[in-house]
Amino acid sequence: MTHFTPQSGGIPLAIHHSLTHLTMWEKGLDFWLMSRGSHTPAANFVLKHASSLELFLNTIRARSNALFCSNENTNLMSIFSRLSVYIAAAFGVGIAVGASAALMLVTPNPPPVPFSNKKNNTITSNSNSSGNGSRTPRVLTPHRPSRGSGLATIPSHLAQPGRTGSGEESSSNCADSASDVGAVLVSVADADRMSLNSEMSQDEPIIFGEEAVQALLPMAACIKEMEHALEALATGTAVQPVRQVFKMPLKDTKKVGIMAGMPCFGTVNGKEMCCSKCITVFPGNKPPLSSHQGSVLLFDADNGRLLSITDAHELTAIRTAAASAAATRILSRGSASVLCILGTGVQALKHVTAICCVRDIKTVKIWGRNRANSDKVAAEVAAMGIPAIVCESVKQAVSDADIVCTLTGATEPILQYEWLQKGTHINAVGACQPGMRELDTDTVTQATLFVDTKEACWKEPGDIVTPLRQGVHIDLECEVGLVVAGQHVGRKNDKEITLFKSVGAAVEDLFASKQVYDNYCTSLS
């Protein structure tokens, strides 16, 4: 086992915090550009040089992280000497750009600027419709564009409270941040320049990209929404069919390509809403291309109006981990402190973040088939301030774990019931198709089983479908939403092993996308 322990105390931590604070100039610059525009002479000067400045600071951050998140002992004075020159230079950059930002603060707001229609070279005002009367959607950028691109950017401090260099939220700060959400503004697709203060038409669908979802859907808030969503599904205030899944007959038979449609109707915060997610799943995709890609369309059920189109990859990543955390809050032992993560994909760090919002996690144990990926996840967890241990086997990883999250694409069981200690809670997430399986039959039959949606779990995941086809009897306790609603007791004692099997539900997309939309609308008021 390899231990990754966060460094604390002394000169190294002081230097590390100093480097972190150096990014304040960038945050202030971002916020200023969004609130006042990026087309003044002062702003143009900063935009011209911002990329090189940002690259410089990122180099310092990477060097400091490599030193302070290492699992090897490092001499304090050696660290200090190697970083002193970087610190001095970085402070110089901070002072210079901070002065520029201060001067820009006194610049008056510019008037709204029209943007050009590149197809016909005409100038279009910032109105809610195009020349032919069709609606023009507002866009929240799906990724951070380079400065000077003409698109509004999401400030780095809005990406989530306490986010680390990996883009994951720190467990130490899961609280919602209304003030941060309120600073999120829009950008417009294919626009050279646009006033950020123009009014939004009520009939325009808003497009929320990846960074917008990160900013508008903090993990702690999403966990609460998933509790409401699971309760709504279990009690019948939300309804959904089993998702329609189409396996594509690709020419390359070695590839797996799946398209799924997931509609849902329900009452969210007293208002009838509906949504539909269209998503593709290509497990063989390699970073930076996600295995899950698509969009969630949110509609007003009063009149069928399309309200928003939301990036399904980021929304699904957050709400999946949030649903596991919602189940963990009500099914795991209150004293649970050792978390085991099986798998090193997108859901690994998302689950660490989410579970830390509901339990006081002291140690995270990690296992993955690829050792390099496991080490990377462990380093990220250590950077969040939580000791991480990379394990050589699944048995070693789960042996003393209080909470186990299975997040793999395994086709054969990787977890055996006999390896689990009494009182363990399991979140089984990875297997969502009949050909996928993470749990052995004993785990499914001996643990107390809860699911997100009974109808889907009895048809889709190999963890349940395979034993059923073999004639094995499986007892289902209930849908976990009934525990949230207080209609079922949940865990009965501290020695009971509980299992939450999830396949993902459209109702979760409904509540999550509505939360994104509501938070955005609140930011405008």
Side-chain angles (χ1 to χ4, degrees), residues 1-24 27 58 60-74 76 79 83 156-177 180 214 218-223 318 321-322 324-325 328-329 332 334-341 344 346-368 373-391 397 400-403 405 407:
M1 293 189 293
T2 304
H3 295 253
F4 288 74
T5 305
Q7 302 292 325
S8 62
I11 297 174
L13 189 61
I15 298 174
H16 186 67
H17 286 322
S18 297
L19 291 172
T20 301
H21 294 156
L22 285 175
T23 60
M24 288 302 295
K27 297 176 183 179
N58 285 338
I60 299 174
R61 293 190 196 101
R63 184 66 60 88
S64 64
N65 285 337
L67 291 171
F68 299 124
C69 296
S70 172
N71 58 317
E72 299 178 357
N73 293 325
T74 310
L76 299 183
I79 296 175
L83 286 180
S156 57
H157 71 296
L158 294 182
Q160 283 232 38
R163 289 173 64 82
T164 66
S166 67
E168 293 300 325
E169 181 183 347
S170 168
S171 61
S172 63
N173 191 351
C174 289
D176 300 343
S177 181
D180 281 352
Q214 292 171 354
M219 185 62 78
C222 191
I223 293 171
I318 295 173
S324 293
T328 301
R329 190 202 301 275
S332 69
S335 60
S337 62
V338 179
L339 171 64
C340 170
I341 298 292
T344 58
V346 172
Q347 282 300 324
L349 285 169
K350 283 285 192 283
H351 270 72
V352 173
T353 298
I355 302 302
C356 285
C357 286
V358 299
R359 287 292 180 266
D360 185 15
I361 299 301
K362 304 296 186 184
T363 303
V364 176
K365 302 178 72 175
I366 299 161
W367 173 86
N373 290 343
S374 298
D375 288 344
K376 181 179 179 181
V377 172
E380 295 286 357
V381 172
M384 295 166 63
I386 308 170
I389 303 172
V390 175
C391 299
D400 60 347
D402 301 311
I403 301 167
C405 299
L407 314 168

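All values reported here derive from a predicted model rather than from experimental measurement.
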Measuring from [X]:[atom1] to [Y]:[atom2], what's the distance to the nearest 0.5 Å?
{"X": "His351", "Y": "Cys405", "atom1": "NE2", "atom2": "SG", "value": "5.0 Å"}
{"X": "Ile223", "Y": "Ser324", "atom1": "CD1", "atom2": "OG", "value": "10.0 Å"}
{"X": "Ile318", "Y": "Gln347", "atom1": "CD1", "atom2": "CD", "value": "10.0 Å"}
{"X": "Ile386", "Y": "Asp360", "atom1": "CD1", "atom2": "CG", "value": "9.0 Å"}
{"X": "Lys376", "Y": "Leu349", "atom1": "NZ", "atom2": "CG", "value": "9.0 Å"}

- Query: Checking Thr363 side chain against Pro387 main chain: does a donor-acceptor pair fall under 3.5 Å?
  - Reply: no

- Item | Qualifying residues under side chain to side chain contact (heavy atoms under 4.5 Å, CB included), relative to Ala348, sequence neighbours excluded | Ile341, Val377

What is the minimum heavy-atom distance between [X] and [Y], and which atoms define it?
{"X": "Ala321", "Y": "Ala354", "value": "O-CB, 3.4 Å"}
{"X": "Ala378", "Y": "Val390", "value": "CB-CG2, 3.5 Å"}
{"X": "Asp402", "Y": "Ser337", "value": "OD2-N, 2.9 Å"}
{"X": "Ile355", "Y": "Ala325", "value": "CD1-CA, 3.9 Å"}
{"X": "Trp367", "Y": "Ser374", "value": "C-OG, 4.0 Å"}
{"X": "Thr344", "Y": "Gly368", "value": "CG2-CA, 4.0 Å"}

- Item | Sequence-distant partners of Asp400, side chain to side chain donor-acceptor pair (under 3.5 Å), two or more places apart | Lys365

- Message: Would you say that Thr353 contacts Met384 through its side chain, given a criterion of any heavy-atom pair below 4.5 Å between the two side chains?
- Response: yes

- Does Lys362 reach the side chain of Val338, with side-chain heavy atoms less than 4.5 Å apart? no

- Flag for Arg359-Thr328: side-chain donor and acceptor within less than 3.5 Å: no

